[in-house]
Protein chains: 2
Amino acid sequence: MHNAVKQEATMSHNKRAELIQNALPLFYRNGFHATGMDLVAKETGVSKTSIYKHFRTKEDLIRAVLQLRDENFRTWLFGRMEALSDTPKGQLLAMFDALEEWFLEDKFQGCMFIKASAEFQSKEDAINLQSFDHKRLLEDHFHNLAAEAGYAQATQLSRELLLLKEGAIVLAAMSHSHAPAMQAKRMAEVLLSETN
Amino acid sequence: MHNAVKQEATMSHNKRAELIQNALPLFYRNGFHATGMDLVAKETGVSKTSIYKHFRTKEDLIRAVLQLRDENFRTWLFGRMEALSDTPKGQLLAMFDALEEWFLEDKFQGCMFIKASAEFQSKEDAINLQSFDHKRLLEDHFHNLAAEAGYAQATQLSRELLLLKEGAIVLAAMSHSHAPAMQAKRMAEVLLSETN
DNA sequence: TTCAACGTGAACTGATCTGTTAATCTTTAT
DNA sequence: ATAAAGATTAACAGATCAGTTCACGTTGAA
């Protein structure tokens, strides 16, 4: 329990990746400003000296954490969508089933990128831009599926689905309920049948 | 005792209200953890000693700020909805026109309650609960209007509108664009015509 | 064995955090 | 006028913040 993982001989890319991976849930649960680097060192088992060997500043570490989160989340979400349906339109709807699975997890604490952009609100802030990039990558994927499904208004539809997703996440996090997932899915079904 | 309390409350009321009002934009712009009490004292012109005479902790001040924000925002939003339409259904749609006005303001920085619940995520946290209360008050108002408009599924409809509103706010804040307002309005129009 | 290279954690900056204390200034009521 | 009460400045706690320094332990090569 207490630092059960022993240090390896060298702090290689493995160790660095391990640090990022272990720091992620800390920032996700406690927030960015509220999580100090001493706590990161203590909880990850990596000394502050080593941390600052790999990252110039706390912000650099946060950006690396967010990059990992982006990769993990998109891989997981797109994977679940594919697993739950064979058709493009079915996958778009299955996105909300995947969301519900996420909302039901004990560790669910809202969207890390919404929280990141809430704490780093400056328009030019790299963390803010990075958070929006994540949303754009999601929209791109929805757009591809909508086009593949034959929708002429693929752009509009993908933006609508993203808006439903963000609204569902915010309400699920604030209400501690998984209900917004199926609610958003019903709304998506109406919009997918109305649009052409 | 009763007399003394009454005196203190009366005397302090102006200064206290002024402090809350001036602290609000500070927390809104800079975030809660990132805004120190020294900055609050400096920017509001109220000494730290006086601040801590009125509020036991920083959290108490934040809660007072959020209470003011809740009152101000609901008064403004509901007022704009009434000003823009005479009918209940029209007011529900006009909500998104009001949102667009908000998004276009220079000072727009997203929803203060989403940001508050993002920084104070603990389920039992008073700030978190208070933030959700705000959303419930909005949903209640939407519910009343939907029922007044004759919708049988007023509960479902009011939740859908709230979800659209939250999604639009998040995307408007992250993308620095007002477009999500009209996008959500179009979605609401579809849902209002589909539901009965 | 010996030496050099290197990653490491404890201890340290100096700044800032929330919250307090003490002395001084302003106001107000009698 | 005078005393009580309020509000202010200014300095101060004690903790914690991001980030740095340094002595130590482990390693590998000769």
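Computed from heavy atoms alone, side chains included, the values below leave out hydrogens, waters and symmetry copies. Residue numbers begin at 1 in each chain, while the letters A, B, ... track the order of the sequences. Source: prediction; values computed, not measured.
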Compute whether any side-chain donor of one residue and acceptor of the other, for B:Lys115 and A:Gln121, lie under 3.5 angstrom apart.
yes

For DNA chain D, find the residues of residues 41-49 of chain B with a heavy-atom distance under 4.0 Å and give them by number; none if there aren't any.
B:Ser47, B:Thr49

Between A:Phe113 and A:Arg69, is there a cation-pi geometry (under 6.0 Å to ring centre, at most 45° from the normal)?
no

Expressed in angstrom and rounded to an integer, what is the separation of A:Ile62 atom CD1 from D:dC17 atom P?
13 Å

Let me know the distance between NE2 of B:His33 and C1' of C:dT16, rounded to the nearest Å.
15 Å

For the residue pair A:His134 and A:Phe73, is the inter-centroid distance of their aromatic rings smaller than 6.0 Å?
yes

Interatomic distance, B:Leu39 CG vs C:dT18 P [rounded to whole Å]:
10 Å

What is the distance, rounded to the nearest whole Å, between atom CE of B:Met37 and atom P of C:dA15?
23 Å

What's the closest nucleotide to the B:Lys58 side chain, out of C:dT8, C:dT18, D:dA18?
C:dT18

Whole-Å distance between D:dG19 C1' and A:Asp60 CG?
13 Å

A:Glu59 and A:Thr57: side chain donor to acceptor below 3.5 Å
no

Tell me whether the side-chain N/O atoms of A:Ser50 come closer than 4.0 Å to OP1 or OP2 in C:dT8.
yes

Rounded to the nearest 0.5 Å, the NZ atom of B:Lys135 sits from the SG atom of B:Cys111 at a distance of 3.0 Å

Whole angstrom is fine here: how far is it from CD in B:Glu119 over to P in C:dC17?
14 Å

Give the intermediate values and the outcome of salt bridge (charged side-chain N to carboxylate O under 4.0 Å, His left out) for residues B:Asp38 and B:Lys42.
CA-CA 6 Å; B:Asp38 289 295; B:Lys42 187 181 151 204; over 6 Å; no

Separation of A:Arg56 atom CZ from D:dG19 atom P, in whole Å?
9 Å

Nearest to side-chain heavy atoms of A:Tyr52, which nucleotide of D:dG19, C:dT18, D:dA7:
D:dG19

Using atom NZ of A:Lys53 as one end and atom C1' of D:dT21 as the other, report the distance to the nearest whole Å.
11 Å

For A:Val65, the option from A:Asn22, A:Leu24, A:Leu19 that meets side chain to side chain contact (heavy atoms under 4.5 Å, CB included):
A:Leu24

